[in-house]
**Q** 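Let me begin by handing over the structure; questions about it come next.
Each chain gets a letter, A, B and so on, in the order the sequences are listed, and its residues count up from 1. Atom set for the values below is all heavy atoms of this structure, side chains included, hydrogens, waters and symmetry mates excluded.
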There are 2 protein chains.
Amino acid sequence: MKKRVTLKQIAKELEVSVSTVSKALKNSEEISRDTKDKIQAFAKLYNYRPNNIALSLKNKNTKNIGVIIPDIVHHFFTTVFRGIEQYAGQKGYNVMICVSDESFEKEVLNMELLANGSVDGFILSLSAETQERNDYNHIKEVLDQGIPVVLFDRVSKDVLCDKVVLNDQEIAYEAVTSMIRSGKTKIALVTTENYFNVSSDRAQGFEKAIRDANLAFDESLILTLPYQSEDDELIRNFFERNTIDAVLCVNEIFAIKCMDVVQRQGKRVPEDISFIGFTNGILSKYSAPRLSTVAQHGERMGETAAKLLIDRIENDVDDNFRTEVISGTLIQRDSTTN
Amino acid sequence: MKKRVTLKQIAKELEVSVSTVSKALKNSEEISRDTKDKIQAFAKLYNYRPNNIALSLKNKNTKNIGVIIPDIVHHFFTTVFRGIEQYAGQKGYNVMICVSDESFEKEVLNMELLANGSVDGFILSLSAETQERNDYNHIKEVLDQGIPVVLFDRVSKDVLCDKVVLNDQEIAYEAVTSMIRSGKTKIALVTTENYFNVSSDRAQGFEKAIRDANLAFDESLILTLPYQSEDDELIRNFFERNTIDAVLCVNEIFAIKCMDVVQRQGKRVPEDISFIGFTNGILSKYSAPRLSTVAQHGERMGETAAKLLIDRIENDVDDNFRTEVISGTLIQRDSTTN
DNA sequence: TATCAACACGAAAACGGTTTCGTAACTATA
DNA sequence: TATAGTTACGAAACCGTTTTCGTGTTGATA
């Protein structure tokens, strides 16, 4: 087992000073050709690599960015993460990732942990609990210490920083409108609690599309499901109680579950009921029938978030916070008619 | 914007020395009650937190572990990651994650990057290219520097370190046997290239089950697909050319795709053809019909890997490398008869 | 009153680098 | 030959901690 070699060891071995070694390895003009050759050869031989930790301490930057997301076994978040990782890697940054598990406490803990010098900035998507409590002091504190933060997808207008979001309202509007155009009139929304900004935005787009088409807006056609529930009873009741011929779901799983329930009740998709979901994940592609859905372009979101963050890390810019809006794409597959 | 406060600043402000501050904050007996009270109060007021980087440099440990996986938008890997993250977090470790993208070069680069002091150890699953090239020098070098590595799932017997694997051969044997018991005799295997240890292990279990049942082992009933192909032509041909009444697939996607192809060809699942896949992911649960599959217990694998790694980091133990075997579970759903 | 602990604190080294500045030795100039 | 300017290197500070060791002051003891 050979430990990594340090400047000091090289210096000692070659009987020069540490500073000379450091300069020689940086090919400084200050050092003579001979000495540089000798030192560089030695360093190469022993496979010298500067210690990142020491560099971080000296330079006051870590070349790390911290990503905090609510869940990791999750198509959308991993997609975003891939975008982040790619852009960051290409800019020489590493990524530390923490999972908040939808818990406020874990989100706070993770931020505090990483904020103690481990990262140069954060990219995060708020946990469910954080959005519910509406408490963003942990984020404000980090920002206040001069550590930049970029929020994506699950954001809050109460925190001033760069953000990347989907045009949720518009794309929901477009999805619903497309179903209306194909002749549907009794349109339901299956959503989560409104403290999720994305859910409330999508709900607004949903409502606006219905009103703009001069259809009756019926509150009872909105089903609010607990975020992660394994119980399908609510869904069954909902579709038994109401006559519905089209559904917008705020995520993929809800859509798949609803399609399943409805098909078991003997209805045909899309002839009797159309479905559009959010998240163009693996489920949508392989479900029966294949689910029409809104692609959120997670990778692009991630890349954009990373770009905003690194920009701010490297050029400590002004206080003009930017919000980048990613346009969703409506993908028509077999759960809708046209 | 208030920057984080350092020991030095506290010391200056309170007109004591840095060492006194350090000791006072650790509640050292050496410091008088009065001084400690004063310093602790001040530190609390200014929300002092020790700088992780400085601590890392001093202590020669980072409390970070590096995870390198081939893909992140991937149910199994994210599941493992969740297990790692949970166990590590609970032990006070953070996780840095890099994606090799199935590329040898990226795997090497990522390891080198993190090995320069950024992490105390690695958990990794070999990229496809690495397994194909059979080149593990990057891993051996890291090990040689005294940085522990734990390999999971995609491992190689050519590298000596702790490992966590599935009992691939046995569980494949069990899966095939269960289909034989239900009366199937023409059983196919849909797999990837054999340089994946998991694929070859599963193939062995497959073959053994067939031979043990005194069925004819027919090489032509093995379909080898490129790892990530979007082209279903190979699959269609395969099922047209051969009469098959049961299929074992080495992953979820292959199974779903094959089921789809077969159903379009007018066959019924499971009456005409049974299917069993690997990876108890979201697809298996929601496919039509629901897919019988081998649960790999990714979370447990991740937790086990993290435990092995942290054990080795904290107690620089002997050279008795351990291989933990996780037992897969065969989950019978609707794509098999019984 | 000289001696010795105990107490409370500070100085300095160390972790592994980078960088500024100082300087000895040599060369070139007048 | 005295002076100035290069050249090639080393010393030291610094990043933010921890920790060992040294030391001035106090109080107790003989």
**Q** Suppose we screen for ring pair (Phe, Tyr, Trp, His ring centres under 6.0 Å). Which residues come up paired with F196(A), at least two apart in sequence or across chains?
**A**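 Here the qualifying residues are Y227(A).
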
**Q** Shoot me the first and last contacting nucleotide of DNA chain D against chain A, ordered 5' to 3', at under 4.0 angstrom to non-hydrogen atoms.
**A**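 Under 4.0 Å from chain A, the extent on DNA chain D is dA8(D) to dG16(D).
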
**Q** With side-chain hydrogen bond (donor to acceptor under 3.5 Å, both in side chains) as the rule and sequence neighbours excluded, what pairs involving residues 114-126 of chain A come up?
**A**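 Of all non-adjacent pairs touching residues 114-126 of chain A, those that pass side-chain hydrogen bond (donor to acceptor under 3.5 Å, both in side chains) are T62(A)-D120(A), N116(A)-R4(B), S118(A)-N52(B).
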
**Q** With sequence neighbours left out, what residues match E141(A) under salt bridge (Lys or Arg N to Asp or Glu O under 4.0 Å)?
**A**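 Result, salt bridge (Lys or Arg N to Asp or Glu O under 4.0 Å) vs E141(A): none returned.
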
**Q** For the helix from dT1(C)-dA30(D) to dA30(C)-dT1(D), how many degrees between its two end axes (five pairs per end), to the nearest 10°?
**A**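 Axis angle across the helix from dT1(C)-dA30(D) to dA30(C)-dT1(D), nearest 10°: 80°.
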
**Q** Tell me which donor-acceptor pairs under 3.5 Å the side chains of residues 155-165 of chain B have, and how far apart each pair is, sequence neighbours excluded?
**A**
| unit_1 | atom_1 | unit_2 | atom_2 | d |
| --- | --- | --- | --- | --- |
| S156(B) | OG | D158(B) | N | 2.9 |
| D162(B) | OD1 | R312(B) | NH2 | 3.2 |
| D162(B) | OD1 | R322(B) | N | 2.7 |
| D162(B) | OD2 | R312(B) | NE | 2.5 |
| D162(B) | OD2 | R312(B) | NH2 | 3.4 |
| K163(B) | NZ | S156(B) | O | 3.0 |
| K163(B) | NZ | V159(B) | O | 3.0 |

**Q** Using ring pair (Phe, Tyr, Trp, His ring centres under 6.0 Å) as the criterion, list what pairs up with F77(B), not counting sequence neighbours.
**A**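 If we apply the ring pair (Phe, Tyr, Trp, His ring centres under 6.0 Å) test to F77(B), skipping adjacent residues, the hits are H74(B).
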
**Q** Roughly how many Å is it from CD in E30(A) to P in dG22(C), rounded to a whole number?
**A**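 These atoms are roughly 13 Å apart.
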
**Q** Within the 4.0 Å limit for protein heavy atoms, which parts of nucleotides 13-19 of chain C are touched? Write it as a string from 5' to 3', B for base, S for sugar-phosphate only, - for none.
**A** -BBBBBB

**Q** Any carboxylate oxygen within less than 4.0 angstrom of a Lys/Arg side-chain nitrogen, looking at E324(B) and R300(B)?
**A**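 No.
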
**Q** Counting any heavy atom closer than 4.0 Å, what does S56(A) reach on the DNA or RNA strands: base, sugar-phosphate only, or nothing?
**A**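 Since no nucleic acid heavy atom lies under 4.0 Å of S56(A), the category is nothing.
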
**Q** Which pairs, with at least one residue in residues 5-35 of chain A and sequence neighbours excluded, count as a ring pair (Phe, Tyr, Trp, His ring centres under 6.0 Å)?
**A**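 As it turns out, there is no ring pair (Phe, Tyr, Trp, His ring centres under 6.0 Å) pair with a partner in residues 5-35 of chain A once direct neighbours are skipped.
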
**Q** With sequence neighbours left out, what residues match K58(B) under side-chain contact (heavy atoms from CB on, under 4.5 Å)?
**A**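 K58(B) satisfies side-chain contact (heavy atoms from CB on, under 4.5 Å) with no other residue.
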
**Q** Kindly state each residue pair satisfying ring pair (Phe, Tyr, Trp, His ring centres under 6.0 Å) with at least one member in residues 20-61 of chain A, sequence neighbours excluded.
**A**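 Listed once each, the pairs are F42(A)-Y46(A).
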
**Q** Suppose we screen for ring pair (Phe, Tyr, Trp, His ring centres under 6.0 Å). Which residues come up paired with F104(A), at least two apart in sequence or across chains?
**A**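 F104(A): ring pair (Phe, Tyr, Trp, His ring centres under 6.0 Å) contacts with H138(A).
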
**Q** Whole Å only: how far is the CD atom of E29(B) from the P atom of dC9(C)?
**A**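 Between P of dC9(C) and CD of E29(B): 13 Å.
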
